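This one's a predicted model, so the numbers in the text were calculated from it and none came from an experiment. To find a chain, count down the sequence lines: A is the first, B the second, and so on, and within it residues start at 1.
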Protein chains: 2
Amino acid sequence: MPLSLRKNHSPEPPEPCALTQCFSFLAGQWAPNVIWHLRAGPRRFGELRHDIPPISAKVLTTRLRELQERGIVERHERATSPPSVEYSLTELGAELLPALEAIVSVGERLKARGARSA
Amino acid sequence: MPLSLRKNHSPEPPEPCALTQCFSFLAGQWAPNVIWHLRAGPRRFGELRHDIPPISAKVLTTRLRELQERGIVERHERATSPPSVEYSLTELGAELLPALEAIVSVGERLKARGARSA
DNA sequence: CGGTATCCTGTGGGATACTG
DNA sequence: CAGTATCCCACAGGATACCG
């Protein structure tokens, strides 16, 4: 049976590629971590910087700006001295959490079962 | 209240960073797509190449080799002419599917609600 | 504290050509 | 068909320095 006649599995990811679409919300290896560390509530820039292993200020800023533009996180600035800025998930952003939780839980399981990760 | 005294949210991702660990299984933007297109059963190299939007042979090979080493996919070669090679998910690899499904479904929802993705 | 500006690098990934 | 071999590049991300 020629290859060309083989039915295309993947009855069709509802869109050209829903997966890719979806991963675009998590673009850059740090975005998921940012979202993750905001899951319990608002958090300040410096806190995020320390929460998330070794992320540079530059990259953190960049990711936060992106996530803002995509409506995933919100920025709240308070005019104090020294300055204080809090970031939090929007309602939209919160919707990503179940997916991240799924990823975490499967990651744990795989690790427990001895899968190599790098 | 000084920043340093603020309780660390994220009661602790069970490990240093389970999320990161977990994402490492999906490293490279294509890996998830490979896994995804194997979800319905074994698939040949050329089929994957055509299933997955515009992935180059080189990259597909690379990702497949990696996923093999991590015990996520299996390679089955048949000594025919022309050669035929099928790839499939291992039991371990199949465990990633629920997470991918979660990602897809949330991606759909976000798109429907007008979130920008890039 | 919460960033920006600059510079630099690694590497994921594309294009093209070739092979068993 | 199922790759390998080369070459090449964009760009995510790190380091360092500086600013309001």
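Side-chain atoms of A/Glu47 come within 3.5 Å of backbone N or O of A/Arg44 as a donor-acceptor pair. Formation of a donor-acceptor pair under 3.5 Å by the A/Arg39 side chain with backbone atoms of A/Trp36 is found in this model. Not one N or O on the side chain of A/Thr90 forms a donor-acceptor pair closer than 3.5 Å with the backbone of A/Glu74.
Close to C/dG2, at under 4.0 Å from its OP1 or OP2, lies a side-chain N or O of A/Arg44. One finds a side-chain N or O of B/Arg63 lying less than 4.0 angstrom from the OP1 or OP2 phosphate oxygen of C/dG13. For the OP1/OP2 pair of C/dC1 and a distance below 4.0 Å, the side-chain nitrogens and oxygens of A/Arg78 include no atom meeting the criterion.
With rounding to whole Å, A/Arg49 atom CZ is found 15 Å from D/dG13 atom P. Atom CD of A/Glu47 is separated from atom P of C/dG2 by 8 Å (rounded to the nearest Å). Across the protein-nucleic acid pair, B/Leu48 atom CG and D/dC1 atom P stand 14 Å apart, rounded to whole Å. Distance CG (B/Leu60) to P (C/dG12): 15 Å, rounded to an integer number of Å. Look at CG on B/Asp51: it is 12 Å from P on D/dA2, rounded to the nearest Å. If you take CD of A/Glu77 and P of C/dG2, they are 10 Å apart, rounded to a whole angstrom. Atom CG in B/Asn33 sits about 10 Å away from atom P in C/dG13, given to the nearest Å.
We find that B/Arg43 and B/Glu86 are not joined by a salt bridge, their nearest charged nitrogen and carboxylate oxygen being 4.0 Å or further apart.
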Salt bridge (Lys or Arg N to Asp or Glu O under 4.0 Å) between A/Glu69 and A/Arg65, intermediate numbers included: CA-CA 6 Å; A/Glu69 276 167 24; A/Arg65 294 281 177 276; over 6 Å; no
Evaluation steps, salt bridge (Lys or Arg N to Asp or Glu O under 4.0 Å), between B/Arg63 and B/Glu66: CA-CA 5 Å; B/Arg63 295 273 92 65; B/Glu66 277 181 21; 2.7 Å; yes
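Of the candidate nucleotides C/dC1, D/dG13, D/dA2, C/dC1 has the atom lying nearest to any side-chain atom of A/Pro82. Considering only side-chain atoms of A/Trp30, the nucleotide from D/dA2, D/dG13, C/dG2 that sits closest is D/dG13.
Taking all atoms of both residues into account, the shortest heavy-atom contact from A/Val85 to A/Arg75 is CG1-CG, 3.7 Å.
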Sugar-phosphate or base contact per nucleotide [nucleotides 3-10 of chain D; S, B, -; heavy atom under 4.0 Å]: SS-BB---
